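Note sheet for the following structure.
The figures that follow rest on heavy atoms only: side chains count, while hydrogens, waters and symmetry mates do not. Here, residue 1 is the first one in the sequence, and each next residue gets the next number. Numbering of ligands and ligand atoms starts at 1, following listing order. Please read all numbers here as calculations on a predicted model, not as lab measurements.
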Amino acid sequence: MTTMIWPPIFLIFLLSIGQIFAKDCTLSPLGIGKDDTTQVEAAIAACGQFGTTTFEAGTYNITRKMTWNLVSSKVHLKGYLSFKPDVLYWLNANNTYRVVFIQSQASWFVITGSDFEIDAHNTGGIQGNGQQSWSYFGTHAKADGDGRPIALTLSKVTRGIVRNFRIVSPPFWAHTVAESKDVIYDGIYVNATNTDPLYIGKNIVPNTDGINTYRSDNISLFNWDVTCGDDCLAIKGNSTNIHARNVTCRGGNGIAFGSLGQYVNLSDIVTDVVLEDLLMTRIDPNVQPNMGNGVYFKSWTGTVNGVPPTGGGGGTGNVNNVVVRNVKLDRVNAPLHLYQTNGGHTGDRPSTLQFGNLQFINWTGTALTNKSKSSQVRSVIDIECSVSVGCAGVSFDHFAVTGPTGQPPRFICQNVDGLSGLNGGWRMIS
Ligand SMILES: *[C@@H]1O[C@H](CO)[C@@H](O)[C@H](O)[C@H]1NC(C)=O
Ligand SMILES: *[C@@H]1O[C@H](CO)[C@@H](O)[C@H](O)[C@H]1NC(C)=O
Ligand SMILES: *[C@@H]1O[C@H](CO)[C@@H](O)[C@H](O)[C@H]1NC(C)=O
Ligand SMILES: *[C@@H]1O[C@H](CO)[C@@H](O)[C@H](O)[C@H]1NC(C)=O
Ligand SMILES: *[C@@H]1O[C@H](CO)[C@@H](O)[C@H](O)[C@H]1NC(C)=O
Ligand SMILES: *[C@@H]1O[C@H](CO)[C@@H](O)[C@H](O)[C@H]1NC(C)=O
Ligand SMILES: *[C@@H]1O[C@H](CO)[C@@H](O)[C@H](O)[C@H]1NC(C)=O
Ligand SMILES: *[C@@H]1O[C@H](CO)[C@@H](O)[C@H](O)[C@H]1NC(C)=O
Ligand SMILES: CC(=O)N[C@H]1CO[C@H](CO)[C@@H](O)[C@@H]1O
């Protein structure tokens, strides 16, 4: 009998040890005109490891860059971290971090650590105050790596969860996950919408990507709603085991694989990606005129044209084992596009980065135009693989996207070894 009794006692002992060390911090906004950065840092320093931090609803004024190191901890973020609108301050490289290697991108808020959960309860997240930056760049040149900050960067995270989190008006990419593994994003809202009357009907919010994944493994992107002027999701080099489910993309460029092959000294490996239950929908053209792609794949050419962050090319690698299923398109320009000429010129060496085992299953909806930018040829599907390596296996199953009324469904497939499943009246354009 004694052997039956001691395990519960042992368990109670462990629970009470846990309670002794559990730390709880709760904070509220200090109010208009006050700076919340110091109290936010203090709360995370006190409770961000083996504790719980609760941000009550409201707006927290964040005036400088911030890193949270969360270990075995929970954060309830019921309000918004509002990053001060001061475009020139944030462009000064001293005022941001450079932890995202690709294109030397800047971050104003970095979360690192392990075994944490941040729940913003659909009432909080980040207010990026991006309008000032978007309007500023309406008349100033912008370039990759110029210092426009990513709104939320997860860097070197293991087993982190970001839940019910809203990012409103990000000046640049909303989310980035880099050098991380086993991360779940669930219930994510991003909205980059211009309200400056000067730019009605123009895409003044380029680079407001929903998320970029880079050098990361086992990342889940569940239940996303993204309104932006660029890539809804961008899967960049060394993203493996990526699973996106239930993603709505409102305007922008669609879901991207790439750009890949920008760094001649690096190889970009992207494997085992499942994207499912996607809706890509065009919105009011006065608000956001672009709805570029459904899903697109892009690599640089095989020639080095300048150096990153803005130039590049010549990088190697491969993209293998991709499934994109249950996709609904609403008036997108190019439903499915693959090209390997990003940043290139005629006469460049073809890319050696190879795409293979790409499966497109159960696609419906409409393409607004039947013309793709790179080829100037009219077709719903436009897959132009590098002549040097080709694509190894591209298959379709129930791909029923329609072009403009009266157009027979047409496709381009160049240098594809192993094409299957385009039945039902599809005609190839060569
Ligand atoms: C944020 O804090 C700064 C002081 O660092 C203050 O000047 C500014 O007015 C505050 N902003 C808001 C919106 O309260
Ligand atoms: C950045 O900080 C360094 C070291 O304090 C300083 O020398 C430099 O002038 C600063 N740069 C700018 C653009 O403020
Ligand atoms: C992927 O990450 C999730 C969340 O941390 C975890 O539950 C799952 O076990 C991981 N999968 C693998 C294969 O490690
Ligand atoms: C995005 O923000 C704009 C401007 O505030 C708003 O009109 C629009 O309804 C928002 N979109 C979504 C999907 O919430
Ligand atoms: C899909 O995600 C949205 C949030 O973007 C959510 O409201 C909706 O319930 C989700 N649908 C399913 C079937 O989970
Ligand atoms: C690759 O080249 C970039 C410059 O383009 C450099 O910053 C980086 O350190 C190099 N990486 C390796 C592994 O050589
Ligand atoms: C991707 O991982 C491979 C090793 O698997 C490495 O050689 C390569 O440099 C990595 N690429 C990037 C962009 O980090
Ligand atoms: C096909 O995708 C649609 C969403 O676009 C979904 O409602 C439907 O259930 C899917 N069909 C199958 C057989 O999975
Ligand atoms: C945007 C575009 O190129 N649309 C074309 C679609 O195809 C029809 C018929 O071939 C053309 O008339 C349109 O110009």
Side-chain angles (χ1 to χ4, degrees), residues 27-42 58-66 79-90 95 108-109 119-132 134-135 151 162-171 174-175 184-197 199-205 208 210-211 220-230 232-233 243-252 255 275-291 325-328 330 362:
L27 64 166
S28 301
L30 295 175
I32 297 284
K34 301 280 173 47
D35 189 335
D36 290 285
T37 320
T38 300
Q39 70 149 344
V40 167
E41 286 174 335
T59 302
Y60 296 82
N61 182 16
I62 306 299
T63 61
R64 56 182 187 268
K65 65 182 174 185
M66 185 167 67
Y80 285 93
L81 303 172
S82 176
F83 285 77
K84 72 168 173 183
D86 185 341
V87 57
L88 296 177
Y89 173 83
W90 294 114
N95 297 331
W108 64 21
F109 181 24
D119 189 340
H121 298 271
N122 293 318
T123 58
I126 291 169
Q127 167 56 264
N129 296 304
Q131 185 67 55
Q132 195 200 71
W134 303 330
S135 296
V162 179
R163 201 186 287 291
N164 304 325
F165 197 102
R166 299 165 65 87
I167 297 187
V168 180
S169 296
H175 292 268
I184 300 173
Y185 291 87
D186 188 355
I188 304 296
Y189 174 91
V190 173
N191 191 341
T193 295
N194 170 60
T195 55
D196 183 343
Y199 297 106
I200 297 287
K202 299 206 170 103
N203 181 22
I204 191 70
V205 296
T208 51
I211 189 168
S220 298
L221 310 172
F222 299 148
N223 307 311
W224 282 60
D225 188 321
V226 177
T227 303
C228 77
D230 215 299
C232 180
L233 316 176
H243 184 190
R245 188 178 64 220
N246 183 27
V247 177
T248 297
C249 305
R250 305 177 196 273
I255 295 179
L275 310 177
E276 58 190 342
D277 306 341
L278 312 177
L279 170 64
M280 328 290 299
T281 185
R282 186 174 287 277
I283 61 175
D284 179 350
N286 285 324
V287 175
Q288 173 50 253
N290 293 5
M291 187 65 251
R325 66 179 162 232
N326 308 340
V327 180
K328 179 107 204 255
D330 171 27
N362 182 27

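Between the side chains of Asp35 and Asn61, no donor-acceptor pair is found at a separation under 3.5 Å. Donor-acceptor pairing under 3.5 Å is recorded for the side chains of Thr38 and Arg64. Counting only N and O atoms by type, the side chains of Ser135 and Gln131 include a donor and acceptor under 3.5 Å apart.
Atom numbering of ligand 1 starts at 1 in the shown order; those under 4.0 Å from a heavy atom of Ile32 are 14 (O). In summary, the atoms of ligand 5 found under 4.0 Å from a heavy atom of Trp224, numbered by their order in the structure, are 5 (O). Close approach of ligand 5 to Asn246 (heavy-atom distance below 4.0 Å) involves ligand atoms 1 (C), 2 (O), 3 (C), 8 (C), 10 (C), 11 (N), 12 (C), 14 (O). For ligand 1, the atoms lying closer than 4.0 Å to a non-hydrogen atom of Asn61 are 1 (C), 2 (O), 3 (C), 8 (C), 10 (C), 11 (N), 12 (C), 14 (O). Applying the 4.0 Å criterion to heavy atoms of Asn223 picks out, from ligand 5, the atoms 1 (C), 2 (O), 5 (O), 10 (C), 14 (O). Of all the atoms in ligand 1, the ones that sit under 4.0 Å from a non-hydrogen atom of Thr63 are 1 (C), 2 (O), 5 (O).
Residues satisfying the side-chain contact (heavy atoms from CB on, under 4.5 Å) criterion with Asp186, sequence neighbours excluded, are Arg163, Ile184, Phe222, Asn223. Shown here are the side-chain contact (heavy atoms from CB on, under 4.5 Å) partners of Ile200, two or more places apart in sequence or in another chain: Asn286.
Contacts of Lys84 with ligand 1, taken as heavy-atom pairs under 4.0 Å, are absent altogether.
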Residues 80-89, side-chain donor-acceptor partners within the protein, below 3.5 Å, at least two apart:
{"unit_1": "Tyr80", "atom_1": "OH", "unit_2": "Arg166", "atom_2": "NE", "d": "2.9"}
{"unit_1": "Ser82", "atom_1": "OG", "unit_2": "Asn129", "atom_2": "ND2", "d": "3.0"}
{"unit_1": "Asp86", "atom_1": "OD1", "unit_2": "Tyr89", "atom_2": "N", "d": "3.2"}

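The local environment of NZ in Lys202 is sparse, with at most 12 non-hydrogen atoms from other residues, nucleotides or ligands closer than 6.0 Å.
Cys228 does not pair with Cys249 as a disulfide, the SG atoms being 2.5 Å or more apart.
Using a 4.5 Å heavy-atom threshold, the side chains of Lys328 and Leu278 count as separate.
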For ligand 4, what N or O to protein N or O distances fall under 3.5 Å?
{"unit_1": "ligand 4", "atom_1": "2 (O)", "unit_2": "Asn191", "atom_2": "OD1", "d": "3.3"}
{"unit_1": "ligand 4", "atom_1": "2 (O)", "unit_2": "Asn191", "atom_2": "ND2", "d": "2.4"}
{"unit_1": "ligand 4", "atom_1": "11 (N)", "unit_2": "Asn191", "atom_2": "ND2", "d": "2.9"}
{"unit_1": "ligand 4", "atom_1": "14 (O)", "unit_2": "Tyr189", "atom_2": "OH", "d": "2.6"}

